[in-house]
Amino acid sequence: MTEHILIAIAWPYANASIHVGNITGSHLPGDIVARYHRLKGHHVLMVSGTDSHGTPVTLRADAEGKPVEEVYKRFHNEFIDLFQQAGISFDLFTTTHTENHFKVAQSVFLALLKNGYLYTKTTPQWYSPAAKRFLPDRYVEGTCYLCGYEGARSDQCDRCGNVLEPEKLLEPRSKADGSRPELRETEHYYLDLSKLEPDVAEFLRARQSYWRETVISQSLGQIESEGLQPRPITRDLDWGIPVPVEGWSGKCLYVWFEAVIGYLSAAIEWAKINGSPETWKNWWTEPEARAYYFIGKDNIFFHAAMWPAQLKGAGAQFLEFFAGQPGKPLNLPYDVPANQFMNLENKKISGSRNWAVWGLDFLTRYDPDALRYYLTINMPETRDTDWDWAEFVARNNNELVATWGNLANRVLSFAYKHWEGVVPDPGELRPADREILATVESGFQSVGNHLESVNLRAALGEAIRLASEVNKYLDTSAPWFEIKTDKTAAAKTIYTALRCIDSLKVLLAPVLPFTCQRLHDYLGYDQPLFGEQYVEEQTDSLGSHTTLRYRPIPAGPLWQPSQLAPGKALRPPGPLFKKLEESVAEEERSRLG
RNA sequence: UGCGGGGUGGAGCAGUGGCAGCUCGUCGGGCUCAUAACCCGAAGGUCCCAGGUCCGAAUCCUGGCCCCGCUACCA
């Protein structure tokens with residue numbers, strides 16, 4: 001049966017480049033699961049985009065003396081470049097700065113308003129007369145009214161560790177320009193999360209059995225101990241989505257509220273530019289559809305508690321405001337398999353200190369599948385992990401190159417050399433041949449189950465273990481010996497081994513799409529394993545924005561054991577991976593900091 | 001202070017009640033198809049410490065010690 005799978009990936013913020021921690025945290029795991037479901041023949045919709053709004057972007061633009069649009073677009077285009085090179089195969093990677101997203105976000109707001117989940121409240125906020133704007137709490141520094149520390153942020157003191165009431169800060173100054181802000185009254189909308197708390201708790205309890213422990217404890221656990229408090233969802237800002245209420249000009253939807261709505265608006269945009277504007281509903285309002293959200297641990301509460309509250313609160317009324325007619329309510333997340341963090345050489349990644357491995361920079365020196373392999377086998381699924389350059393080199397050489405790459409290469413070159421470039425005819429297979437085939441083919445269940453439940457390390461480990469089984473089989477059968485005395489026996493061995501690597505190619509393809517495609521070509525196939533990524537410009541009333549898209553191949557399940565036919569023509573093989581010098585570790589370490 | 005995550009052979013990790021496992025490294029052997037790759041074997045652990053529960057604990061309970069994160073625009 002064909003399923004609809006929504007792969008929702010965290011939206012990178014438009015004020016910093018993407019590093020390996022970001023990639024292993026959300027983009028790569030999402031892509032692996034998406035590719036797996038595509039191979040299964042399911043209908044996958046994988047979306048994300050650049051989170052373009054908010055104060056940090058405007059401050060950065062001010063600092064550079066450039067228009068804010070220019071700054072967000074620079075990062076947006078950089079993200080697209082990286083995702084294309086790394087094979088992060090979004091059906092649509094867009095941005096929050098689109099006419100469509102504005103309308104979708106405003107419709108969610110209006111639905112919540114109509115359903116009685118919003119209220120307004122007036123509070124004092126720090127206002128900068130110099131910059132003529134309100135400042136976010138963390139951009140106001142001053143003296144802590146509890147301990148007297150002079151470098152406290154208005155919402156939190158670094159020295160005494162207390163959470164502060166921003167308006168009580170002494171000697172306030174703007175972090176942007178040092179000027180002295182003043183308190184001004186301002187009115188904002190609040191999402192009454194306390195009203196939605198029972199719904200959110202029920203939603204989480206229903207999923208408790210299969211969600212990651214860390215995610216449950218940080219969402220359900222926190223709600224049970226502290227409850228859900230109302231939160232403001234608007235800000236005094238001009239770079240963002242206007243509040244769709246008369247008399248509220250100069251105020252925008254708060255980024256935490258608005259950006260997550262991108263998962264919905266991107267699906268809608270995708271359907272629209274595909275010329276089938278209603279199809280997004282297959283993923284969003286059909287209850288059997290499953291939505292997976294790939295995020296880092298810092299985002300757990302927003303995705304596992306707040307976003308479900310927004311969706312539940314908007315409910316069927318979303319369509320009333322968006323399309324002018326009522327419809328089904330929106331689907332809540334099926335799973336939020338959040339990852340922990342990846343450190344770098346035992347220290348926390350820090351962009352500003354250049355303690356980071358940047359995605360684009362990495363790909364100028366190494367291949368994308370080497371990156372994807374190391375990030376997957378070392379993915380922070382249950383705890384923080386560490387990127388260690390020496391380990392990267394060792395795993396690349398010992399596992400990727402030696403166990404898997406060498407297996408494919410030795411089988412292919414032997415076959416190509418001794419059977420004039422075609423798959424040998426094995427005749428009747430021997431018990432040992434059938435046994436190794438059964439072992440490898442069991443991977444479609446075992447590896448598949450791991451991918452299905454988003455245990456990607458385990459999935460990859462299992463696939464590599466199966467490759468190692470084939471190496472043992474080859475050693476036992478020794479076709480290089482058989483060929484001297486009994487070419488028929490060697491044909492059985494090599495045919496069997498070819499079928500094994502043909503199957504392993506599929507099992508590994510979600511993690512290693514580039515090299516598996518190469519192997520697929522060597523094995524003589526003409527149809528590709530996956531569709532292709534391409535860049536396309538979209539135009540709307542806000543101007544134009546670049547999108548990264550994916551052109552799928554005709555549907556049909558490829559996730560099944562090899563059916564390699566004897567006599568099939570092979571193509572001249574070559575090594576799939578590059579072995580790395582051990583000196584690489586030291587060279588790379590010297591780039592840090 | 002508080003909250004969270006950890007302490008398992010040289011390194012990195014898996015393992016939540018039943019003979020302690022994986023990858024790498026080390027040592028010895030085999031093979032020569034393959035990117036000096038592949039295969040076999042060996043050495044190496046009081047599973048942080050001390051109590052407790054249990055027929056039985058790395059795994060559960062109690063107490064203690066140590067490390068890391070939450071404190072910076074930074075996932």
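Between U71(B) and G56(B), the distance separating the two C1' atoms is 46 Å to the nearest Å. To the nearest whole angstrom, the two C1' atoms, one in C47(B) and one in A14(B), are 12 Å apart. For the C1' atoms, the distance linking A20(B) with U8(B) amounts to 9 Å, nearest Å. With both ends at atom P, the span from A43(B) to G10(B) equals 15 Å, rounded to whole Å. Rounded to the nearest Å, the gap between the C1' atom of G5(B) and that of G9(B) is 24 Å. The same atom, P, is picked in G7(B) and in G12(B); the two are 11 Å apart, to the nearest Å. Taking atom P on both nucleotides, G63(B) is separated from G45(B) by 33 Å, rounded to a whole Å. For the C1' atom pair drawn from G15(B) and G69(B), the interatomic distance equals 24 Å after rounding to whole Å.
Residue Ser468(A) is classed as a sugar-phosphate contact, given heavy-atom separations below 4.0 Å to backbone atoms only. Heavy atoms of Ile295(A) sit nowhere under 4.0 angstrom from any nucleic acid atom. Ala402(A) comes within 4.0 angstrom of the backbone, heavy atoms only, and of no base.
C19(B) is unpaired under the criterion used here, namely a Watson-Crick or G-U wobble arrangement in which both key atom distances are under 3.5 Å. Using N1 to N3 plus N6-O4 or O6-N4 for Watson-Crick, or N1-O2 and O6-N3 for G-U wobble, each under 3.5 Å, U53(B) pairs with nothing. Nucleotide C70(B) forms a pair with G2(B), judged by Watson-Crick or G-U wobble geometry with both contacts under 3.5 Å. Look at G41(B): its Watson-Crick or wobble partner, with both distances under 3.5 angstrom, is C27(B).
For the residue pair Asn378(A)/Arg457(A), the side-chain donor-acceptor check at 3.5 Å is not satisfied.
What separates CG of Asn346(A) from C1' of G69(B) is a distance of 13 Å, to the nearest Å. With rounding to whole Å, Asn343(A) atom CG is found 16 Å from C74(B) atom P. The separation between Tyr13(A) atom OH and C74(B) atom C1' is 13 Å, rounded to whole Å. Atom CG in Asp386(A) sits about 10 Å away from atom P in G12(B), given to the nearest Å. Atom CG in Leu59(A) sits roughly 12 Å away from atom P in C74(B) (whole-Å rounding). The interatomic distance linking Glu582(A) (CD) with A11(B) (P) rounds to 19 Å, in whole Å. Look at NZ on Lys348(A): it is 10 Å from P on A72(B), rounded to the nearest Å. The CD1-C1' distance, from Ile436(A) to C39(B), rounds to 13 Å in whole Å.
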Determine, step by step, whether Arg133(A) and Asp62(A) satisfy the salt bridge (Lys or Arg N to Asp or Glu O under 4.0 Å) criterion, reporting the C-alpha distance in whole Å, the side-chain angles of both residues, the deciding distance to 0.1 Å, and the verdict. CA-CA 13 Å; Arg133(A) 68 169 162 233; Asp62(A) 287 354; 2.7 Å; yes
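The nearest heavy atom of RNA chain B to Arg457(A) and to Gly351(A) marks one nucleotide each, and the one closer to the 5' end goes with Arg457(A). Heavy-atom nearest nucleotides on RNA chain B were determined for Met342(A) and for Asn397(A), and the one closer to the 5' end corresponds to Asn397(A).
In this pair, Tyr72(A) and Trp239(A) present their aromatic rings tilted. The plane angle is within the 30 to 60° band.
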For every nucleotide of nucleotides 27-36 of chain B, 5' to 3': is a protein heavy atom under 4.0 Å from its base (B), only from its sugar-phosphate (S), or from neither (-)? ---BSSBBB-
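In summary, the aromatic rings of Phe362(A) and Trp387(A) are positioned with their centroids under 6.0 Å apart. For Phe75(A) and Tyr13(A), the gap between ring centers reaches or exceeds 6.0 Å.
Geometrically, Lys348(A) does not engage Trp355(A) in a cation-pi contact, judged by NZ or CZ lying under 6.0 Å from the ring centre and within 45° of the ring axis.
Counted within 6.0 Å of CZ on Phe481(A), heavy atoms from surrounding residues, nucleotides or ligands total 12 or fewer; the atom is thus considered open.
Residues Val454(A) and Phe294(A) have side chains in contact (heavy-atom distance under 4.5 Å, counting atoms from C-beta outward).
Distance check, rounded to the nearest 0.5 Å: CG of Leu412(A) to CG of Leu523(A) gives 5.5 Å.
Between Thr382(A) and G6(B) there is no side-chain polar atom (N or O) within less than 4.0 angstrom of OP1 or OP2.
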